[in-house]
Amino acid sequence: MTKYLHTMIRVTDPDATIRFFNLIGLEERRRMENEKGRFTLIFLAAPGDEGEVELTHNWDPEEYSGGRNFGHLAYRVDDIYATCQRLMDAGVTINRPPRDGHMAFVRTPDGISVELLQDGHLEPAEPWASMPNTGSW
């Protein structure tokens, strides 16, 4: 089973972006601040909707070009290892392998980043645990 989770966009003014999404009926569900990584994640959704918009605010000013303000699509999968193997067998590059048994990144043929998240948690396993990153995600 695959389940849509969220779409991430990078924002320069979180308050203005939240106000915008409030106008179309989305509400803030949760917020996480990461001092070490110097970013804040804010998740918004319409009442009763499971899918979310993730606002990522990087604390250090950054100009986003080439679509970098759009981050990724995210999907929960039943077995991240089987999903990544199926993608690899079809010729898809695993940009960020699921070394931790939890998260991987791949790209669509048009270069859109897709995050895959394990439903629950799997123990790290080879060949994934030793596989290096390839390119960017």
Side-chain angles (χ1 to χ4, degrees):
M1 177 187 98
T2 300
K3 183 177 181 179
Y4 174 76
L5 297 177
H6 65 262
T7 298
M8 183 272 267
I9 59 174
R10 290 181 174 87
V11 300
T12 56
D13 184 340
D15 293 333
T17 305
I18 291 168
R19 283 192 301 274
F20 168 82
F21 280 111
N22 287 164
L23 291 170
I24 58 174
L26 276 67
E27 300 171 353
E28 184 173 334
R29 283 202 177 151
R30 64 187 188 282
R31 180 182 294 237
M32 295 179 287
E33 294 195 356
N34 185 313
E35 292 204 24
K36 182 178 178 187
R38 300 190 47 74
F39 64 85
T40 301
L41 303 179
I42 304 161
F43 291 86
L44 308 171
D49 195 357
E50 288 186 41
E52 299 174 310
V53 173
E54 172 190 332
L55 308 180
T56 297
H57 177 246
N58 293 313
W59 300 352
D60 298 318
E62 181 178 342
E63 186 172 318
Y64 302 115
S65 62
R68 280 233 347 117
N69 59 329
F70 175 80
H72 60 262
L73 300 173
Y75 292 93
R76 180 176 299 130
V77 297
D78 284 337
D79 185 330
I80 198 163
Y81 295 139
T83 301
C84 286
Q85 188 63 57
R86 191 169 53 253
L87 289 163
M88 273 184 46
D89 291 348
V92 174
T93 299
I94 309 299
N95 301 100
R96 194 283 191 187
R99 289 184 292 275
D100 55 4
H102 178 69
M103 177 181 67
F105 278 89
V106 295
R107 286 187 172 272
T108 70
D110 293 308
I112 302 297
S113 187
V114 177
E115 178 181 21
L116 304 172
L117 293 166
Q118 173 63 39
D119 187 10
H121 188 78
L122 298 178
E123 290 299 315
E126 294 298 342
W128 311 105
S130 301
M131 193 177 287
N133 294 340
T134 303
S136 63
W137 59 88

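Predicted, not measured: the structure shown is a model, and the values here were computed from it.
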Side-chain donor-acceptor pairs of residues 40-49 under 3.5 Å, sequence neighbours excluded:
| unit_1 | atom_1 | unit_2 | atom_2 | d |
| --- | --- | --- | --- | --- |
| T40 | OG1 | W59 | NE1 | 2.8 |
| D49 | OD1 | G51 | N | 3.3 |

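Using a 4.5 Å heavy-atom threshold, the side chains of L73 and S113 count as separate. Inter-residue side-chain proximity for P98 and M131 is flagged as unmet; no heavy-atom pair is nearer than 4.5 Å. For the pair T12 and E63, the minimum side-chain heavy-atom distance is 4.5 Å or more. Contact check for T93 versus V106: no side-chain heavy atoms found under the 4.5 Å cut-off.
Listed by first and then second residue, the salt bridge (charged side-chain N to carboxylate O under 4.0 Å, His left out) pairs involving residues 118-135 amount to none (not counting sequence neighbours).
Residues M103, F105, L117, W137 make up the rest of the hydrophobic cluster containing L5, defined by ILVMFWY side-chain heavy atoms closer than 4.5 Å, directly or through other members.
Residue H72 holds its NE2 atom at 10.0 Å from CG of L116, rounded to the nearest 0.5 Å. Taken to the nearest 0.5 Å, the CD1 atom of I9 stands 5.0 Å off from the CG atom of L55.
The backbone N or O of S136 lies less than 3.5 Å from a partner atom in the side chain of R107, making a donor-acceptor pair. Q118 places a side-chain N or O within 3.5 Å of a backbone atom of I80 that can act as its donor or acceptor partner.
Residues meeting the side chain to side chain contact (heavy atoms under 4.5 Å, CB included) test with A90, sequence neighbours left out: none. Scanning for ring-ring contact (aromatic ring centres under 6.0 Å, His included) contacts around F20 gives an empty result, with sequence neighbours left out. For the side-chain hydrogen bond (donor to acceptor under 3.5 Å, both in side chains) test, residues two or more places apart in sequence or in another chain that qualify with R30 are E52. With sequence neighbours excluded, the residues forming a side-chain hydrogen bond (donor to acceptor under 3.5 Å, both in side chains) with T7 are Y4, listed by chain and number. With sequence neighbours excluded, the residues that form a side chain to side chain contact (heavy atoms under 4.5 Å, CB included) with D89 are Q85. Under the rule for a salt bridge (charged side-chain N to carboxylate O under 4.0 Å, His left out), the partners of R38 that lie at least two apart in sequence or sit in another chain are D60. Every side chain to side chain contact (heavy atoms under 4.5 Å, CB included) that T2 has, sequence neighbours left out, goes to Y75, V77. In this structure E27 satisfies the salt bridge (charged side-chain N to carboxylate O under 4.0 Å, His left out) test with no other residue, sequence neighbours excluded. Shown here are the ring-ring contact (aromatic ring centres under 6.0 Å, His included) partners of F39, two or more places apart in sequence or in another chain: there are none.
E50 approaches R29 most closely through the heavy-atom pair O-NH1, 3.5 Å. What you find for A125 and Y81 is that their closest heavy atoms are N-OH, 3.2 Å. When every heavy atom of P14 is checked against every heavy atom of H57, the shortest pair comes out as CG-CG, 3.4 Å. T56 and E54 make their closest contact through OG1-OE2, 3.1 Å (heavy atoms, listed as atom of the first residue, atom of the second, distance).
Criterion: ILVMFWY side-chain heavy atoms under 4.5 Å apart, direct or through other members. Under it, V11 and I24 are part of a common hydrophobic cluster.
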